[in-house]
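Convention: sequence-line order gives letters A, B, ...; per-chain numbering from 1.
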Amino acid sequence: MDLLLRGISHRYGGTEVMRDINLDIRRGEIVCIIGPSGCGKSTLLRFIGGLERPDAGEVLLSGPEPEGSLNPLTYVFQDFALLPWRTVAGNISLVLEDHGLGKQRVAAIIEDVLARTGLSEFREALPRQLSGGMRQRVAIARALAVRPAVMLMDEPLSALDSQTRELLMDDLVSLWQRERFTACYVTHNLAEAVRLGHRVVVLSRRPGQIRTVVEIDMELSERGPGHPELEAIQSQLWTLLRDEARAADREIADVAE
Amino acid sequence: MSRSDVAERTDMTEAAKNLRAVPYRGGGFRPGHWRFVGPLVFAVLLLGWEAGSRSGVISNLVLPAPSEALEALRQLVETGQLWLHLGASLQRLVIGWSLGVTLGVAVGLMVGLLPLARAGLLPLVSALFPIPKIALLPLFVIWFGIGEGSKVATILFGSFFPTVIATYGGVDNVDRTLVRMGQSFGLGWWSIVRKIILPGAMPAILSGCRISASIAIILLVAAEMIGAEYGVGAYVLMAGSLFATDQLLAGVAMLSVLGLVVSWLIGRAERRLLRWRG
Ligand SMILES: Nc1ncnc2c1ncn2[C@@H]1O[C@H](COP(=O)(O)OP(=O)(O)O)[C@@H](O)[C@H]1O
Ligand SMILES: [Mg+2]
């Protein structure tokens with residue numbers, strides 16, 4: 001299943017936050033969206049997942065939903081959004097319970113995603129007992145449990161320290177190798193974008209417009225920290241972003257005065 | 001830092017270096033573990049009181065000795081009156097309070113979740129909450145009869161309003177990102193209420209229960225002072241009008257124990273239901 005964004009524009013009250021976004025997200029690719037803070041990345045992701053409606057333009061699905069998908073468009077949130085009163089297994093069970101699958105089927109799916117994300121031994125732990133990295137792994141396992149067609153990830157690693165972030169990036173890469181999931185991955189971190197993105201979409205400051213789309217034609221498994229080609233792309237992206245980021249930074253300062 | 005610098009430093013005498021410990025200023029502002037002090041204060045107070053009564057410092061007319069109150073309590077047990085009084089009180093308390101809390105949680109959820117219900121009910125709740133329900137007791141007697149009806153109704157109303165306010169406050173404070181998460185996974189409205197909103201509001205609901213339970217005990221005693229044959233309130237009223245101060249104190253001790261037991265039960269419920277908070 002592919003996702004097609006057609007002419008999306010939006011304003012909140014008097015402020016225009018997004019202008020004419022056109023983008024295709026194709027099956028099996030990770031599209032990273034980067035841009036200065038406040039440019040509308042999270043808003044765009046809410047439009048894509050149907051949590052909010054844009055003023056103009058539309059988000060279209062093309063092609064059949066993958067078989068057995070319980071929730072084709074599935075989010076992974078920056079702050080994990082785990083229920084603190086449910087165990088790891090209970091949090092995954094939450095998103096399966098409404099589908100009338102039967103107890104055994106639900107238990108089997110939980111078992112399966114926990115194994116795939118290496119969380120089997122944590123199944124009875126409560127979120128507060130886990131580190132940030134583990135919590136985000138649980139949130140990813142929860143997303144996988146509903147067999148998403150597209151994963152919508154809003155800065156999934158931004159709440160983590162940089163070492164944990166590296167570990168989770170490796171996890172995501174090997175997960176993608178095995179499952180070839182489709183993802184729209186929002187981040188402000190250029191290193192994440194060049195490690196995980198098949199394409200990197202650069203947004204301008206508010207109102208967010210697409211400035212460029214950079215294709216990175218390199219297998220995810222070949223990428224790693226300090227790879228010269230990636231470093232070159234990263235600094236190219238930074239040149240594109242620097243002025244936008246500086247202007248966005250000043251803009252916020254102006255508003256605050 | 002160069003090598004000679006280091007050498008110079010180690011060469012300095014102790015006195016010249018003026019070594020001293022960093023002053024500690026991090027203490028205090030922390031609850032301690034003085035568990036035995038509470039019972040000790042209790043015991044000392046009771047013993048002093050008993051000694052005062054026996055030596056005649058405290059006149060028997062003003063305040064009977066604890067041993068006399070204990071004797072009155074013993075008689076209550078022996079004649080079987082204790083269970084009649086306590087049973088009647090407990091029945092009213094349990095029925096009135098649990099109905100009040102159940103209705104209060106339901107209405108509180110409605111106020112928290114449905115904008116129309118909030119607009120319609122919140123002003124009403126705010127207007128009725130501060131009325132001391134004791135003032136309405138005569139009205140309840142007319143409406144629900146002098147028997148059990150008016151007593152249960154008083155307790156019900158008294159525990160209903162604080163529960164509504166605690167519940168909708170709890171609902172308002174549930175993390176919205178969790179609700180968004182539920183929606184993004186396609187959970188139904190009722191699922192979100194049951195599995196996300198209600199557990200999220202549970203800490204507030206339980207602390208509302210604490211408040212409504214103590215209000216319920218106060219109202220219980222007040223309600224039992226009108227037209228009740230049995231009940232701790234009736235017993236205390238009777239003792240008071242006969243100036244049987246030992247029996248009065250026995251009744252008051254029963255109320256205190258009742259309050260402690262209720263608060264202990266709610267504490268147990270909190271530990272069970274809110275285990276996830278650690
Ligand atoms: N619900 C909302 N109401 C009003 N303004 C909003 C709302 N959500 C976001 N905005 C504004 O829209 C702009 C884009 O926000 P957001 O999408 O969160 O940016 P990003 O995720 O790129 O940092 C910001 O200026 C923000 O203040
Ligand atoms: Mg954002």
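- Other residues, nucleotides and ligands contribute over 12 non-hydrogen atoms within 6.0 Å of the CZ atom of A:Arg178.
- With a threshold of 4.5 angstrom between heavy atoms, A:Leu94 approaches chain B through its backbone and through its side chain.
- Using a 4.5 Å cut-off between heavy atoms, A:Glu52 touches chain B through its side chain atoms alone.
- Here the side chains of B:Thr177 and A:Phe77 are not in contact, with every heavy-atom distance at 4.5 Å or above.
- A 4.5 Å side-chain heavy-atom check between B:Arg277 and A:Arg128 finds every atom pair outside the cut-off.
- No other option in B:Gly182, B:Pro199, B:Gly188 has as many heavy-atom pairs under 4.5 Å with chain A as B:Pro199.
- When the shell of 6.0 Å around CZ of A:Arg46 is examined, it contains more than 12 heavy atoms from other residues, nucleotides or ligands.
- Distance alone, capped at 3.5 Å, is enough to place a donor-acceptor pair between the A:Trp85 side chain and the B:Lys195 backbone.
- Residue B:Arg268 places its CZ atom among 12 or fewer non-hydrogen atoms of other residues, nucleotides or ligands, all under 6.0 Å distant.
- Of the atoms belonging to A:Arg86, it is side-chain heavy atoms, and not backbone ones, that fall under 4.5 Å from chain B.
- Although no hydrogens or angles enter the test, the distance criterion places no donor-acceptor pair under 3.5 Å between the side chain of A:Asp98 and the main chain of B:Ser191.
- Neither the backbone nor the side chain of B:Leu274 comes within less than 4.5 Å of any heavy atom of chain A.
- Counting non-hydrogen atoms of neighbouring residues, nucleotides and ligands closer than 6.0 angstrom, the CZ atom of A:Arg53 reaches no more than 12 such neighbours.
- Judged by distance alone, with hydrogens and angles left aside, the side-chain atoms of A:Asn71 form a donor-acceptor pair with the main-chain N or O of B:Ser184 at under 3.5 Å.
- Looking only at side-chain heavy atoms (C-beta outward), A:Tyr75 and B:Met181 stay at 4.5 Å or farther from each other.
- More than 12 heavy-atom neighbours from other residues, nucleotides or ligands sit within 6.0 angstrom of CG on B:Leu260.
- Residue contact with chain B, scored on non-hydrogen atoms closer than 4.5 Å, involves the backbone of A:Leu82 exclusively.
- Contacts of A:Val146 with chain B are made by side-chain atoms alone, with heavy-atom separations under 4.5 Å and no backbone atom involved.
- For A:Arg180, the CZ atom counts as densely surrounded, since its 6.0 Å shell holds more than 12 non-hydrogen atoms of other residues, nucleotides or ligands.
- The CZ atom of B:Phe185 lies 10.5 Å from the CG atom of A:Leu70; values are rounded to the nearest 0.5 Å.
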